[in-house]
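Working notes, beginning with the structure itself.
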Amino acid sequence: MSNQRIVHLECGKSTQVLYVLGTVINIDIYKPSPPGCRSFEVTTSPGVNYSISDKQNGSVVTHPAIRWALIKDSLLRVTVGQVSSAANDGKVKITFYGDDLDKPVDKMTLELTAVYVSLDVDADRDGIVEENNPNKSSWMWGPEGHGAILLVNCDKELLTTSEPDNMDDKVYTFEDLADMSRMIIRTEGPKLMPAGYTLNLHISPSDKKKVQLFRHEISSVTSVLGRTKELTAMDFTKGHNKIIFSAEGLAFPDNKTATLVTFNLSVVNQQLPIFTDQVVLHFAPWIMTPNTQAPEEVYVCSSPGNEKFLIEFKKFVQKAQCKLTICPVTEHAGDIWMQDEIEFGYIDAPHKFMNIVMDSPRNRGLKNFAYKFLLGRDFGRIDVKSDKIADSLDGFGNLEVSPPVTVNGKEYPLGRIVIGSHLPIHPDGRKMVKETQDLLMAQSVQSPIILYSDWLHVGHVDEFMTFVPAPDRKGFRLLLASPLSFYSLFKRLQKEGHGEAMMFDNAYRDPIKINDILKNQALHERNTHVQHCIDWNRDILKVELGLDEADIIDIPTLFKPTKAKTHVGAYFPDMVNMIVLGKYLGIPKPFGPLINGECALEAVVRSALEPLGLDCTFIDNFTSYHIGQGEVHCGSNVRRKPFTLKWWNMEI
Ligand SMILES: *[C@@H]1O[C@H](CO)[C@@H](O)[C@H](O)[C@H]1NC(C)=O
Ligand SMILES: *[C@@H]1O[C@H](CO)[C@@H](O)[C@H](O)[C@H]1NC(C)=O
Ligand SMILES: *[C@@H]1O[C@H](CO)[C@@H](O)[C@H](O)[C@H]1NC(C)=O
Ligand SMILES: *[C@@H]1O[C@H](CO)[C@@H](O)[C@H](O)[C@H]1NC(C)=O
Ligand SMILES: *[C@@H]1O[C@H](CO)[C@@H](O)[C@H](O)[C@H]1NC(C)=O
Ligand SMILES: CC(=O)N[C@H]1CO[C@H](CO)[C@@H](O)[C@@H]1O
């Protein structure tokens, strides 16, 4: 933004201008000079500085020369060091001389009213709006970076209002203001300003949809800019002002280029800006929390038939010392898939932290749960809307996040989002709606990875993968469902003489012998294909998360084709579809064959995970979840502690 301004003076006249501290006024000396003049003299009142720039040879001749040669194109550069105490108290007088150096030919005068004008935000991210930070108009990532932060104000402070706070142009409580970013206009100058100046605050037509600015007045707070308004004009009749605003984000950006909002403050005279100051604010991204973050609260549904599961589940959650919230049957209309309707995350700024639940466009029985049970004070909700009818892949069992990773030297300190989709070569396959994907991509800090999950009937990544904490290596392990490891276990058991042992003994379906499962050639072939699908994802995950084979644990899993045979689902409860609460794992009870009184599948999983300090609880959820094509993870959800790392300290 240019802080230089040209002012034209006329001989025999006095010209009055407003000068904003920090800017430069340029005066053309040559053009208005009377014919025949050869030199000039400059006198100023105290506090007014000048220099003469000679464009022809670029040299600058400074004070205290008394007389100056009048040269074509030379400019007088005027600056002022302090604000005026009265209007027009700064003077610059230019006197022209001809051949007679003692006899002035003519003179022209500039009268200045010097004011200070600044639009301020918390550009140094300490929660306090500083004064005129030189970095306020740009954004820079990292601990040495700068730039103010804006929160989408999608929580709801009052029980009595029906919509989140960003949906209307009112502020009902002081707590609501605390969610917003402070912005201050500071001006200083004489008590009585020259007439004709206003202060205009403006934003672009595209930014106005993203933000709303409230002005603090003596007994009210009024929406003055954004939403529908691109401009708000304020009197500038007295020099000393401190005008306070609060800015709220209206919607999460759905495009990486839309994460900044720019405000311009102009001093305007006769419709023209004579000075413009600028600030930018960066939207706080919505951040997901991986399984390695400590759990705070667990959510599950109660439903006719899952009473026994709930008893076991409650015991498990108690062991992990988490709060448990149970959605009653009246509130979910039989939709027990707590994982799929919502995803927990948060937003953070130096001035405020907020939990935010993202609500899937899936919108089945649980569609009002986030609105009725979660939305509230400092608990916001993103309602992803789409014109497209959501398909199964829109459920948030298909939206996970990895623990922090470093990939070829590039750090992802908040991990990477993982979503499932169709294969790139099958563009007409199922996928998440564009609105969800765009939103996830635009948040920038957890750079999403797209996997292939369309081979599954339900199609969620949580059906074949999860992350568990580990004390060594990268701090976690990736668990992958593995038909290969299932077959190698069962073949070994057969070889050891357990071929007649039964799966599903004590379960709620017909038991089947190890020998009979291994005899089923079609099932084996189908699972060879499934293994290829999972391997395809394994390769992507290894590259995108920088993993080695030693970071991955294969969990025996068997899939079976759906009736239409186009897709597959779990043959027995899918153990990777577990809930992770710190070191406590709530794992779907697989009902494998009992060998020496112990379930062979559980034994394999225990021996792989217990050495990592993990505590395995196998929860029976056969009838209510597994039969419905889901498991413990699908039927529950976890709100976790935020990262200690502040997202703006990331280097992107
Ligand atoms: C260049 O600047 C010097 C002062 O440093 C001045 O005397 C001279 O006239 C200027 N040259 C031209 C060509 O204007
Ligand atoms: C004016 O000049 C004085 C003395 O050289 C200097 O200290 C001051 O910073 C200058 N002020 C401006 C606004 O240029
Ligand atoms: C402005 O930003 C740069 C780069 O981030 C930083 O080095 C400098 O200290 C900042 N200045 C202020 C006044 O914060
Ligand atoms: C803000 O000012 C800059 C620089 O003068 C200009 O490029 C931009 O278009 C302005 N934006 C708005 C919204 O007025
Ligand atoms: C993001 O915004 C830019 C600039 O407005 C636009 O050119 C681009 O197409 C947008 N990208 C998406 C994915 O919408
Ligand atoms: C999820 C669930 O509760 N499934 C079944 C668990 O086992 C009991 C019987 O032991 C069944 O009644 C539940 O339906």
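Each ligand, and each atom within it, is numbered from 1 in the order the structure gives.
With a 6.0 Å cutoff to the six-membered ring centre and a 45° limit on the axis angle, Arg125 counts as a cation-pi contact of Trp139.
The residue Asp207 has no part lying near ligand 4, judged by heavy-atom distances below 4.0 Å. Heavy atoms of Gln278 found under 4.0 angstrom from ligand 4 belong exclusively to the side chain.
For Asp548 and Arg473, the salt-bridge test passes: some basic side-chain N is under 4.0 Å from an acidic carboxylate O. One finds a salt bridge joining Lys91 and Glu111 here, because a Lys/Arg side-chain nitrogen approaches an Asp/Glu carboxylate oxygen to under 4.0 Å.
In the vicinity of Ser204, heavy-atom distances shorter than 4.0 Å reach the ligand 4 atoms 13 (C). Using a 4.0 Å cut-off to heavy atoms of Ile203, the atoms of ligand 4 that qualify are 13 (C).
Applying the side-chain hydrogen bond (donor to acceptor under 3.5 Å, both in side chains) rule to pairs touching residues 194-205 yields Thr198-Asn200, His202-Ser266, Ser204-Ser206, sequence neighbours excluded.
For the side-chain contact (heavy atoms from CB on, under 4.5 Å) with Glu411, the lone residue among Val405, Thr406, Ile652 that qualifies is Thr406.
In this structure a side-chain-to-backbone donor-acceptor pair under 3.5 Å is missing from Asn241 to Ile243.
For ligand 4, one of its N or O atoms has an N or O atom of His202 under 3.5 Å away.
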Quick one: ligand 3 N/O to protein N/O pairs below 3.5 Å?
from: ligand 3; atom 1: 2 (O); to: Asn135; atom 2: OD1; distance (Å): 3.0
from: ligand 3; atom 1: 2 (O); to: Asn135; atom 2: ND2; distance (Å): 2.3
from: ligand 3; atom 1: 2 (O); to: His146; atom 2: ND1; distance (Å): 3.2
from: ligand 3; atom 1: 5 (O); to: Glu144; atom 2: O; distance (Å): 2.9
from: ligand 3; atom 1: 5 (O); to: His146; atom 2: ND1; distance (Å): 3.1
from: ligand 3; atom 1: 11 (N); to: Asn135; atom 2: ND2; distance (Å): 2.8
from: ligand 3; atom 1: 14 (O); to: Asn135; atom 2: ND2; distance (Å): 3.4

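Residues passing the side-chain contact (heavy atoms from CB on, under 4.5 Å) test with Glu130, sequence neighbours excluded: Asp122, Ala123, Asp124, Asp126, Asn133. Under the rule for a side chain to side chain donor-acceptor pair (under 3.5 Å), Lys107 has no partner lying at least two apart in sequence or in another chain.
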